[in-house]
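This report concerns only the one structure given below.
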Amino acid sequence: RGETGTGKELVAGLIHVESARRDAPLVRFNCAAVPAELAEDELFGHAKGAFTGAVAARKGYFAQASGGTLVLDEIAELPLALQPKLLRALQEGEIQPVGGRVERVDVRVVASTHRDLREEVRAGRFREDLYYRLAVVELVVPTLTERREEIPILARALAARWGERFDVPRVELSAELLLELQQSRWPGNVRQLENTIARMIALHGSSLGPGALRAAMDASAPTEVSVEPFEADATDLERNDVPLREQVDAFERGILTRVLAECGQNQSRAARRLGIGRATLIDKMKKYNLR
């Protein structure tokens, strides 16, 4: 249990790799990402001919994770009507695919949530018996504010990761910037910290000093870009026989050409002005052969 962005998914993965099941499958299912009417089929699968369109049997997440670990992200979002079937799977080690026979499974379940399940039980949104079956061991992942001493370590690791993704070698974070990061508020926890560092690298490259954080925070807000028609493709844009995709591409290419020129071809400044990441700008420049 822990707030959004604290790293619950990472903890669940560590539980798996540090267990005797490490060589078996690790399967993740996000209870909040699937419509209620599809959740049963996703979790338990279905038999051939179980319903119209079921031309073949399909294994659900429980069967896919048999012998290993099934991570149920955002367990509080699981439909109430499906909770008894999950309880049976946990207690009896049995599942029943839609339209099929009962099957035995051997699955370790790790559930995560940003909600207080006890409060959900009191509100009638979560079954009490399922809560007690899940809460054999409860781990609370602290917020980033509660572990500020870890921020410099996390920041360096995240900077190395995003530097590699953006093809920016040896990203360096100054001592002043690390102190700024450590003293800042992070309501989105590690996820927000990661996104901020990625944005700083996209905007400023490999050398990140104390001004990079403020610039990255400013760049996270939507930027209004004034757009003026460009003469080169004005005639084409007025013609009805030009496909929409070509008109959009021509329009975007004109904006990029003008903003880059106004920024002296400085990609970081142009990206900031356009409200996009530097990596995104570079991709678009390649697309339109603007290099």
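Below, each value reflects all heavy atoms present in this structure, side chains not excepted, and no hydrogens, waters or symmetry copies.
A donor-acceptor contact shorter than 3.5 Å links the side chain of Gln96 to the backbone of Gly100. For the pair Arg22 (side chain) and Ser19 (backbone), a donor-acceptor distance under 3.5 Å is present. Panel note: side chain Glu103, backbone Ile95; no donor-acceptor pair is recorded below 3.5 Å. Remark: side-chain polar atoms of Gln267 are not paired, donor with acceptor, to backbone N or O of Ile282 under 3.5 angstrom. A side-chain donor-acceptor contact under 3.5 Å links Gln182 to the backbone of Arg148. In this structure, Arg165 contributes its side chain and Ala160 its backbone to no donor-acceptor pair below 3.5 Å. No donor-acceptor distance shorter than 3.5 angstrom exists from the side chain of Thr280 to the backbone of Ile276, with no hydrogens or angles considered.
Residues Leu213 and Phe166 share a single hydrophobic cluster, defined by chaining ILVMFWY side chains whose heavy atoms lie under 4.5 Å apart. Two different hydrophobic clusters hold Leu90 and Val136 under the rule that ILVMFWY side chains link at heavy-atom gaps under 4.5 Å. Note on Val11 and Phe29: separate hydrophobic clusters, where clusters join Ile, Leu, Val, Met, Phe, Trp and Tyr whose side-chain heavy atoms are under 4.5 Å apart, directly or indirectly. No single ILVMFWY cluster, assembled from side-chain heavy atoms under 4.5 Å apart, contains both Val17 and Val110. Val109 and Tyr132 end up in the same hydrophobic cluster when Ile, Leu, Val, Met, Phe, Trp and Tyr side chains are linked at under 4.5 Å.
When the shell of 6.0 Å around CD of Glu172 is examined, it contains 12 or fewer heavy atoms from other residues, nucleotides or ligands. Applying the 6.0 Å contact sphere to CD of Glu119 captures more than 12 heavy atoms from other residues, nucleotides or ligands.
The two residues Gly209 and Ser174 make their nearest non-hydrogen contact at CA-OG, 3.5 Å. Between Ala50 and Gly99, the closest heavy-atom pair is CB-CA, 4.0 Å. In terms of heavy-atom proximity, Ser206 sits nearest to Pro169 at CB-O, 3.6 Å. Heavy atoms only, all atoms of each residue included: Leu134 and Ala111 are closest at CD2-CB, 4.1 Å. The two residues Ala279 and Ala202 make their nearest non-hydrogen contact at N-CB, 4.4 Å. Contact between Ala155 and Leu178 at its shortest, heavy atoms only, is CB-CD2, 4.0 Å.
With salt bridges taken as basic N to acidic carboxylate O contacts below 4.0 Å, one links Asp106 and Arg21. Of the charged side-chain nitrogens involved, none lies within less than 4.0 Å of a carboxylate oxygen, so that Arg191 and Glu194 do not count as a salt-bridged pair. Lys8 and Glu3 are not joined by a salt bridge, as no carboxylate oxygen comes within less than 4.0 angstrom of a charged side-chain nitrogen. A salt bridge does not link Glu128 with Arg122: none of the charged nitrogens is closer than 4.0 Å to a carboxylate oxygen.
Under the 30°/60° scheme for interplanar angles, the aromatic rings of Phe51 and His46 are found to stand perpendicular.
With contacts defined as side-chain heavy-atom distances shorter than 4.5 Å, the pair Asn189/Thr4 does not qualify. Residues Ile201 and Leu203 form no side-chain contact, since every pair of their non-hydrogen atoms from C-beta on lies 4.5 Å or further apart. Counting heavy atoms from C-beta on, the side chains of Trp186 and Leu181 come closer than 4.5 Å. A heavy-atom distance below 4.5 Å is not found between the side chains of Leu144 and Thr6. At a threshold of 4.5 Å between non-hydrogen side-chain atoms, the residues Arg185 and Thr145 do not count as touching. Proximity of Phe44 to Leu82: side-chain heavy atoms (C-beta onward) are separated by under 4.5 Å at one or more points. Between Arg58 and Asp41, some side-chain heavy-atom pair lies under the 4.5 Å cut-off. The shortest side-chain heavy-atom distance between Val55 and Lys48 does not fall under the 4.5 Å cut-off.
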message = Using the rule given for side-chain contact (heavy atoms from CB on, under 4.5 Å), can you reason through Arg108 versus Ile15, listing the C-alpha separation, both sets of side-chain angles and the distance that settles it, and then say yes or no?
response = CA-CA 10 Å; Arg108 160 185 262 172; Ile15 291 172; 3.9 Å; yes
ask   = Does the pair Leu260 and Met285 meet the rule for a side-chain contact (heavy atoms from CB on, under 4.5 Å), with working shown?
value = CA-CA 10 Å; Leu260 281 164; Met285 290 172 66; 4.0 Å; yes
request  = Give the C-alpha distance, both sets of side-chain angles, the deciding distance and a yes or no for side-chain contact (heavy atoms from CB on, under 4.5 Å) between Thr257 and Tyr288.
outcome  = CA-CA 9 Å; Thr257 301; Tyr288 299 120; over 6 Å; no
request  = Begin with the C-alpha distance, continue with both residues' side-chain angles, and end with the deciding distance and a verdict on side-chain contact (heavy atoms from CB on, under 4.5 Å) for Arg253 and Leu256.
outcome  = CA-CA 5 Å; Arg253 187 182 191 281; Leu256 295 174; 5.7 Å; no
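Here the NE2-CZ distance, from His204 to Arg199, works out to 10.5 Å after rounding to the nearest 0.5 Å. Interatomic distance, OG of Ser184 versus CD of Gln192, reported as 9.0 Å (0.5 Å rounding). Atom CZ of Arg118 and atom CZ of Arg1 lie 5.0 Å apart (nearest 0.5 Å). Rounding to the nearest 0.5 Å gives a distance of 12.0 Å between CG of Leu274 and CZ of Arg269. To the nearest 0.5 Å, atoms CG (Leu26) and CD (Gln64) are separated by 12.0 Å.
Side-chain rings of Phe126 and Tyr131 stay apart, their centers remaining 6.0 Å or farther from each other.
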Show me the donor-acceptor pairs, under 3.5 Å and distance only, between side chains in residues 68-81 and residues at least two apart or in other chains.
from: Thr69; atom 1: OG1; to: His16; atom 2: ND1; distance (Å): 2.7
from: Asp73; atom 1: OD1; to: Ser112; atom 2: OG; distance (Å): 3.2
from: Glu74; atom 1: OE1; to: His114; atom 2: ND1; distance (Å): 2.9
from: Glu74; atom 1: OE2; to: His114; atom 2: ND1; distance (Å): 3.4
from: Glu77; atom 1: OE2; to: Arg115; atom 2: NE; distance (Å): 2.7
from: Glu77; atom 1: OE2; to: Arg115; atom 2: NH2; distance (Å): 3.2

